[in-house]
Amino acid sequence: MSDTPDAAAALDIEAIRAVTADLRLGHPLHYFPAIGSTNTYAAELARAGAAEGTLVTTDDQTAGRGRIGRAWKSLPGQQLAISLVLYPAFPSHFLVMASALAVAETIEAVTGIRPASARSPHHATLVVGIKWPNDVQISHRKVCGILIETSADYAILGIGLNVNGSLADDPELAARATTLAQTIGHPISREALAIELLRRLDAFYARLTDEGESARTALREAWRARLVTLGQRVTTHQGEQRVVGRAEDVDDDGMLLLRRDDGTLSTITWGDVEA
Ligand code: BTN
């Protein structure tokens, strides 16, 4: 792996393979220089009986899909776009929590941004947080989106992380999203991020699979502590329906508890949240 990341270089897949060989998740690894959607391809593999942990990644996702039917913009050679084939033995809301938390912790570990609990003068103003349910943001601008697609038989965990380059050519998107490089001020190794992320996902997945309620409770609390949404006045969007209120808390399943202006409490199970 090169020490100085070159934003234009193709992903060093062998560097990733060398690490994931020892993990439950991350292999076999299918790499494509370009592909429509890694999630779509991973779902095809799952339907054909792919092994748990099968990973699909690319340097250019030409038809990336986001939550709620949206598109996910490609920055060729500058993002991480990964999809994992999983057969989880636990409810999928724990996958929502584990994946967002793994991404947030990975960003801190690789970039040196400190968690809020251990702030130092270095990058002191940057905060890696989670917008409910699983957008990872740095100081309120989105750097990562997660799309989990489940069926009765499998779950596809798709993660898109804006690493290098810039979104400046898309002013509407740039107003609410960014890349790690733009935030930190220098390019970041995509391989280092991929390796750290897969290690952390693997560890969360093992705990959720092998341990009991204590692992779930610990995960839920760590995810909850990262939610920048809590305490904010927000508008939730579910299709055409909008609900306004104060994001009061999350329940045990990770659903958002919204206190409406008339004092009633609504449980928001899906959709988008705007502060
Ligand atoms: C969102 O924020 O709406 C979720 C975006 C998820 C994007 C990732 S990139 C890898 C995987 N493949 C896709 O087509 N989508 C996900």
Side-chain angles (χ1 to χ4, degrees), residues 5 7-8 11 36-39 57-83 96-97 99-113 116 123 125-149 157-190 192-194 196-197 223 226-230 232-238 242 247 256 270-275:
L11 261 179
S37 159
T38 56
N39 260 39
T57 190
T58 185
D59 271 305
D60 183 9
Q61 187 173 234
T62 56
R65 296 185 290 105
R67 290 174 58 238
I68 326 172
R70 289 183 296 227
W72 179 255
K73 182 184 173 75
S74 179
L75 295 174
Q78 297 183 311
Q79 290 166 312
L80 276 184
I82 67 170
S83 299
V96 172
M97 299 175 191
S99 51
L101 198 56
V103 171
E105 292 181 355
T106 293
I107 292 171
E108 287 174 348
V110 175
T111 65
I113 298 176
H123 299 317
T125 57
L126 299 178
V127 177
V128 183
I130 299 170
K131 187 179 88 157
W132 184 89
N134 59 5
D135 280 355
V136 181
Q137 306 183 325
I138 300 182
S139 302
H140 302 287
R141 284 165 90 202
K142 178 167 172 170
V143 290
C144 172
I146 298 175
L147 176 66
I148 298 170
E149 298 181 292
L157 169 59
I159 299 177
L161 181 57
N162 295 333
V163 181
N164 294 319
S166 130
L167 300 172
D169 68 338
D170 188 339
E172 192 271 325
L173 185 59
R176 56 191 162 78
T178 188
T179 68
L180 294 181
Q182 275 197 298
T183 308
I184 308 290
H186 58 79
I188 314 280
S189 159
R190 291 184 301 151
L193 286 162
E196 187 70 23
L197 176 58
W223 170 76
R226 292 256 182 195
L227 287 176
V228 295
T229 313
L230 298 187
Q232 287 189 332
R233 186 167 172 78
V234 298
T235 304
T236 65
H237 301 257
Q238 296 182 316
R242 280 158 175 53
L256 187 66
W270 66 278
D272 215 7
V273 165
E274 195 188 314

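Just so it is clear, the model here is predicted, and its values are computed rather than measured.
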Next item on the list: Dump the intermediate steps for side-chain contact (heavy atoms from CB on, under 4.5 Å) on R242 and T235, then the final yes or no.
Entry: CA-CA 6 Å; R242 280 158 175 53; T235 304; 4.1 Å; yes
Next item on the list: Assess whether side-chain contact (heavy atoms from CB on, under 4.5 Å) is satisfied between E172 and D170, documenting all intermediate values.
Entry: CA-CA 6 Å; E172 192 271 325; D170 188 339; 4.0 Å; yes
Check: Can you list the steps and then say if V273 with H237 is a side-chain contact (heavy atoms from CB on, under 4.5 Å)?
Finding: CA-CA 6 Å; V273 165; H237 301 257; over 6 Å; no
Checklist line | Step-by-step side-chain contact (heavy atoms from CB on, under 4.5 Å) determination, V96 to I146 | finding: CA-CA 8 Å; V96 172; I146 298 175; over 6 Å; no
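You'll find the side chain of V128 stays beyond 4.5 Å of the side chain of V143, heavy atoms only. Counting heavy atoms from C-beta on, the side chains of W132 and Q232 never come closer than 4.5 Å. The closest side-chain heavy-atom distance from R226 to V228 is not below 4.5 Å. Side-chain contact check for I82 versus T38: every heavy-atom pair is 4.5 Å or farther apart. Residues L101 and E105 have side chains in contact (heavy-atom distance under 4.5 Å, counting atoms from C-beta outward). Looking at heavy atoms from C-beta onward, C144 lies out of side-chain contact with N162 at the 4.5 angstrom threshold. Put simply, the side chain of T111 reaches to within 4.5 Å of the side chain of I188, judged on heavy atoms. Side chains of I159 and L157 form a contact here, defined as non-hydrogen atoms less than 4.5 Å apart.
In summary, E274 and K142 do not engage in a salt bridge, as defined by a charged side-chain N under 4.0 Å from a carboxylate O. With respect to R70 and D272, a salt bridge is recorded, a charged nitrogen being found less than 4.0 Å from a carboxylate O. R190 and D59 are joined by a salt bridge, as a carboxylate oxygen and a charged side-chain nitrogen come within less than 4.0 angstrom of each other.
In terms of heavy atoms, G66 sits closest to L147 at O-CD1, 3.7 Å. Nearest heavy atoms, R141 versus A177: NH2-O, 3.6 Å. Between A174 and L167 the shortest heavy-atom distance is CB-O, 3.6 Å. Contact between N164 and A181 at its shortest, heavy atoms only, is OD1-CB, 3.6 Å. The two residues T179 and G165 come nearest to each other via the heavy atoms OG1-O, 2.7 Å. Here the closest non-hydrogen pair linking N39 and S83 is OD1-OG, 2.6 Å.
Between the Q238 side chain and the W270 main chain, a donor and an acceptor come within less than 3.5 Å of each other. Although no hydrogens or angles enter the test, the distance criterion places a donor-acceptor pair under 3.5 Å between the side chain of R67 and the main chain of G271.
For the atom pair L197 CG and L161 CG, the distance stands at 7.5 Å (nearest 0.5 Å). For the atom pair CG (L227) and CG (D135), the distance works out to 11.0 Å, reported to the nearest 0.5 Å. Separating the CG atom in L75 from the CG atom in D60 is a distance of 9.5 Å, to the nearest 0.5 Å. The distance from the CD atom of Q61 to the OG atom of S37 is 5.0 Å, given to the nearest 0.5 Å. Here E108 contributes atom CD and L126 contributes atom CG; the two are 10.5 Å apart, rounded to the nearest 0.5 Å. Between atom CG of residue N134 and atom CH2 of residue W223 there is a gap of 8.5 Å, rounded to the nearest 0.5 Å.
Across L193, I107, V110, a single residue satisfies side chain to side chain contact (heavy atoms under 4.5 Å, CB included) together with V163, and that is L193.
Residues forming a side-chain hydrogen bond (donor to acceptor under 3.5 Å, both in side chains) with R65 (at least two apart in sequence, or on another chain): T40, E149.
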